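Structure, as structure tokens:
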Number of protein chains: 2
Amino acid sequence: MMQINTIIQGDCIEELKKIPNDSIDLIFADPPYNMQLKNALYRPNNTKVDGVDDDWDKFGSFSEYDDFCAAWLTECRRILKETGTIWVIGSYHNIFRVGNIMLNLGFWILNDVTWYKTNPMPNFMGTRFTNATETLLWCSKGEQYKKYTFNHKLMKKYNGDKQMTSVWQIGLCIGAERLKGQDGKKAHSTQKPEELLKRVILSTTKQDDVVLDPFFGTGTTGAVAKKLKRNFIGIERETDYITLAQGRIDSITEFFPEADW
Amino acid sequence: MMQINTIIQGDCIEELKKIPNDSIDLIFADPPYNMQLKNALYRPNNTKVDGVDDDWDKFGSFSEYDDFCAAWLTECRRILKETGTIWVIGSYHNIFRVGNIMLNLGFWILNDVTWYKTNPMPNFMGTRFTNATETLLWCSKGEQYKKYTFNHKLMKKYNGDKQMTSVWQIGLCIGAERLKGQDGKKAHSTQKPEELLKRVILSTTKQDDVVLDPFFGTGTTGAVAKKLKRNFIGIERETDYITLAQGRIDSITEFFPEADW
DNA sequence: TATAAAGGTGAATCCGCAC
DNA sequence: AGTGCGGATTCACCTTTAT
């Protein structure tokens with residue numbers, strides 16, 4: 001039997017393969033974006049931008065990245081229940097490759113949700129528009145699977161009695177919410193805000209459902225799942241992230257009120 | 001020599017082929033996204049739809065749509081000046097296929113601009129979030145072409161002295177702006193608001209530049225180009241649309257004040 | 001102690017020319 | 001192709017330091 005509310009250490013694709021068919025209620029995936037950053041970037045005051053230069057974000061080519069995504073997305077589709085759905089978040093660097101692969105695998109796009117950042121980093125050089133969004137693809141297993149979970153009335157209530165749209169205005173994960181390492185610096189370069197995961201889990205799962213995150217990182221998905229009285233399974237390769245995530249989740253003692261709506 | 005400020009009647013791909021290399025300053029494309037996928041995606045055996053065995057070539061309709069887009073986008077890339085850029089608008093139905101193809105052709109994404117509709121049609125069934133956006137991909141010919149036109153300061157002024165972001169809140173094209181046929185019904189099913197084209201043309205062309213629209217429709221691109229003192233070339237297959245567009249553009253007598261900024 | 005000023009920072013595909 | 005350097009370029013929000 002699958003163990004829930006635990007973090008599995010290992011390679012994402014290998015660990016996904018061990019999970020039974022049609023067993024997961026929701027998947028939230030925040031894969032590497034393959035940002036392809038080359039040169040350093042400086043602000044007008046000459047301070048250096050601390051960009052994403054993690055090894056896990058580096059791929060040799062589009063084709064390498066595509067193969068990686070096709071592999072983990074194939075497993076994700078296999079393990080999803082017929083009532084289940086998947087969310088994948090990305091930026092313009094990767095979301096068009098991911099979206100194309102998902103369509104090819106038979107996923108059915110229900111919404112392309114725009115995370116509209118209230119406080120994005122400006123474009124310092126004035127060469128482009130400020131990149132103020134990331135995109136979340138919300139998909140069912142296929143067009144024929146129509147009984148997916150969507151808590152329409154609950155989300156309407158959550159949104160002040162107006163139907164929630166596909167644009168979510170949410171700030172970056174900063175301040176007290178942002179996990180810091182012992183050196184006082186951000187523990188993970190791409191930690192997501194809890195409000196984002198709250199909307200994802202609240203809208204597309206029911207209490208006691210199982211939420212899987214194949215790129216668990218510092219465990220925002222697990223933390224929010226717990227606060228909403230859902231179960232989680234995390235897959236993560238790096239020990240440091242797992243330690244942080246486990247401590248974060250263990251220390252949670254209060255639920256979100258919306259958990260019982 | 002290319003004739004400007006005219007509408008060419010004919011097949012988009014055939015007419016694009018007649019345009020010389022490196023001759024166009026800006027392309028705005030609003031391609032069809034009617035992919036008619038139903039037959040392709042319904043498979044006889046619904047119980048065992050496993051992504052592993054699903055070669056994407058089996059999706060006949062995807063493949064047809066991809067081929068069509070690859071063909072017109074290839075010509076677009078050929079005719080763009082090295083300083084030129086291209087905008088392609090789409091919804092979640094097609095933009096992930098289009099974006100993937102553009103990347104494969106060597107286009108370099110500068111922004112994925114979100115058209116955030118202030119008055120979207122609600123989801124009446126309560127089965128999804130209200131789909132409130134369309135996506136515009138703004139791309140240069142390739143990573144190496146860095147001298148593309150971008151009127152950063154002008155757009156900052158246009159945006160109340162703050163850098164414009166990649167999220168544009170603009171209403172649907174309705175009311176007086178929406179062209180009606182003799183039967184009083186909307187003349188074109190997907191007429192775009194002028195404010196959208198205004199931002200596109202204002203930000204990425206200079207006065208007297210040539211803007212090409214391979215899916216001209218009722219000529220919003222031409223109308224806005226004229227009001228901004230730019231030149232246009234339209235390609236359109238349907239006589240009815242051409243007649244409407246020509247009349248619309250001919251009747252323009254006033255410029256936008258921003259044309260001389 | 002309260003308020004103000006200064007400094008830091010966020011998934012970033014962010015310059016252009018001369019040598 | 002790589003390096004060096006002059007010059008143009010930023011928004012919201014949080015933390016730290018100064019008044």
Side-chain angles (χ1 to χ4, degrees), chain A residues 29-59 61-62 65 88-98 114-136 169-181 183-193 196 215 217-218 220, chain B residues 82-83 85 99 102-103 106-112 137-157 159-167:
Chain A
D30 182 10
Y33 289 5
N34 187 25
M35 298 266 288
Q36 309 160 62
L37 302 179
K38 295 192 174 67
N39 303 311
L41 177 64
Y42 290 87
R43 298 186 178 80
N45 66 3
N46 278 332
T47 61
K48 193 174 177 182
V49 173
D50 182 19
V52 176
D53 64 349
D54 305 82
D55 286 337
W56 50 253
D57 197 50
K58 292 180 170 59
F59 292 83
S61 63
F62 278 148
Y65 185 76
V88 184
I89 185 168
S91 67
Y92 69 84
H93 307 86
N94 71 321
I95 201 66
F96 300 100
R97 309 221 62 99
V98 167
T114 300
W115 171 20
Y116 180 7
K117 301 177 185 183
T118 55
N119 50 349
M121 189 169 76
N123 180 286
F124 299 114
M125 306 301 286
T127 55
R128 307 178 180 195
F129 298 100
T130 300
N131 176 23
T133 68
E134 293 188 26
T135 300
L136 296 102
Q169 292 188 236
I170 301 173
L172 297 168
C173 182
I174 54 175
E177 190 187 330
R178 189 77 189 234
L179 296 180
K180 307 290 195 301
D183 55 0
K185 306 213 170 190
K186 56 187 175 188
H188 192 287
S189 53
T190 69
Q191 187 183 341
K192 297 295 176 290
L196 194 76
F215 306 96
T218 46
T220 306
Chain B
E82 296 195 353
T83 54
T85 55
M102 292 184 78
L103 290 169
F107 284 107
W108 190 246
I109 300 177
L110 298 167
N111 278 118
D112 58 336
L137 282 173
W138 175 45
C139 305
S140 66
K141 282 187 82 157
E143 184 180 7
Q144 65 272 39
Y145 302 99
K146 294 182 180 292
K147 296 185 186 178
Y148 56 86
T149 299
F150 180 61
N151 303 315
H152 166 66
K153 285 189 177 174
L154 195 159
M155 294 315 287
K156 188 170 173 176
K157 179 177 177 186
N159 194 44
D161 284 325
K162 276 194 287 193
Q163 184 172 96
M164 189 173 273
T165 80
S166 59
V167 178

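Just so you know, these numbers use all the heavy atoms, side chains as well, and skip hydrogens, waters and symmetry mates. Throughout, a chain's letter reflects where its sequence line sits, starting with A, and its residues are numbered from 1. Note that the structure is a prediction, hence the values are computed from the model and not measured.
- Within 4.0 Å of A:P193, counting heavy atoms only, lies no atom of the nucleic acid at all.
- Remark: the backbone N or O of B:N151 is not paired with any side-chain donor or acceptor of B:K156 at under 3.5 angstrom.
- Contacts of B:T165 with the nucleic acid, taken as non-hydrogen atoms under 4.0 Å apart, are absent.
- Atoms CG (B:D161) and P (D:dT9) sit 13 Å apart, rounded to a whole Å.
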Table please: side-chain donor-acceptor pairs of residues 42-50 of chain A below 3.5 Å, with sequence neighbours left out.
unit_1 : atom_1 : unit_2 : atom_2 : d
A:R43  : NH1    : A:T47  : OG1    : 3.2
A:R43  : NH1    : A:K48  : O      : 3.4
A:N45  : OD1    : A:T47  : N      : 3.1
A:N45  : OD1    : A:T47  : OG1    : 2.8

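- Contacts of residues 43-59 of chain A with DNA chain D (heavy atom under 4.0 Å): A:P44.
- Atom name C1', nucleotides C:dA12 and D:dT9: the rounded distance is 14 Å, in whole Å.
- If A:M125 and A:T118 are placed on DNA chain D by their nearest nucleotide, the residue sitting closer to the 5' end is A:M125.
- In terms of modelled atom types and a separation under 3.5 Å, the side chain of A:Q191 and the main chain of A:T220 share no donor-acceptor contact.
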Q) Can you give the dot-bracket line for DNA chain C, using ( ) for pairs inside the strand, [ ] for pairs that cross earlier ones, | for pairs with another strand and . for unpaired bases, where Watson-Crick and G-U count if both distances are under 3.5 Å? A) .|||||||||....|||||
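- At a threshold of 4.0 angstrom between heavy atoms, the contacts of A:N131 are confined to the sugar-phosphate backbone, with no base atom among them.
- With sequence neighbours left out, the side-chain hydrogen bond (donor to acceptor under 3.5 Å, both in side chains) criterion links A:T218 to no other residue.
- Across D:dT15 and C:dA11, the matching P atoms stand 15 Å from one another, rounded to whole Å.
- Here salt bridge (Lys or Arg N to Asp or Glu O under 4.0 Å) pairs that include residues 121-135 of chain A, with residues two or more places apart or in two chains, are A:K117-A:E134.
- Nucleic acid contact for B:Q163: sugar-phosphate only, since backbone atoms but no base atoms lie under 4.0 Å from a heavy atom of the residue.
- Residue B:K162 places its side chain closer to D:dC11 than to any other of D:dC14, D:dT9, D:dC11.
- When side chains are defined from C-beta on, A:T190 does not count as touching A:Y33, because their heavy atoms never get closer than 4.5 Å.
- Judged by distance alone, with hydrogens and angles left aside, the side-chain atoms of B:D112 form no donor-acceptor pair with the main-chain N or O of B:L137 at under 3.5 Å.
- Where B:K156 and A:G175 meet DNA chain D, the nucleotide closest to each residue was compared, and B:K156 sits on the side nearer the 5' end.
- Regarding A:Q169, its CD atom lies at a distance of 18 Å from the P atom of D:dC11, rounded to whole Å.
- How far CZ of A:F62 is from CG of A:N94: 10.0 Å, rounded to the nearest 0.5 Å.
- Contact annotation for A:T190: base contact, defined as any heavy-atom pair under 4.0 Å involving a base atom.
- Taking side-chain N and O atoms only, A:K117 has no distance below 4.0 Å to OP1 or OP2 of D:dC11.
- In this structure, CZ of A:R178 is placed 16 Å from P of D:dC13, rounded to the nearest angstrom.
- Using a 4.0 Å heavy-atom distance criterion, A:K38 is classed as making no nucleic acid contact.
- Remark: A:S91 OG to A:W115 CH2 distance equals 11.0 Å, nearest 0.5 Å.
- No hydrogens or angles considered: a donor-acceptor pair under 3.5 Å links the side chains of A:S189 and A:D54.
- Within 4.0 Å (heavy atoms only), A:K185 reaches no atom of the nucleic acid at all.
- Nucleotide C:dT13 carries a syn base; the chi torsion (O4'-C1'-N9-C4 or O4'-C1'-N1-C2) is within 90° of 0.
- Nucleotides of DNA chain C with any atom under 4.0 Å from a heavy atom of chain B span, from 5' to 3', C:dT13 to C:dC17.
- For the C1' atom pair drawn from C:dG10 and D:dT10, the interatomic distance equals 12 Å after rounding to whole Å.
- Mapped onto DNA chain C by nearest heavy atom, A:H93 and A:K186 fall at different nucleotides, with A:K186 at the one closer to the 5' end.
- Within the nucleic acid shown, A:E134 comes within 4.0 Å of at least one base atom, counting heavy atoms only.
- With A:R178 contributing its side chain and A:H188 its backbone, the two residues share a donor-acceptor pair below 3.5 Å.
- Aromatic pair B:W138/A:F129: ring centres closer than 6.0 Å.
- Distance, A:R128 CZ to D:dC11 P: 17 Å, rounded to whole Å.
- B:L110 comes within 4.0 angstrom of no nucleic acid atom, judged by non-hydrogen atoms across all strands.
- Side-chain contact check for A:Y92 and A:N131: no donor-acceptor pair (N or O, by modelled atom type) lies under 3.5 Å.
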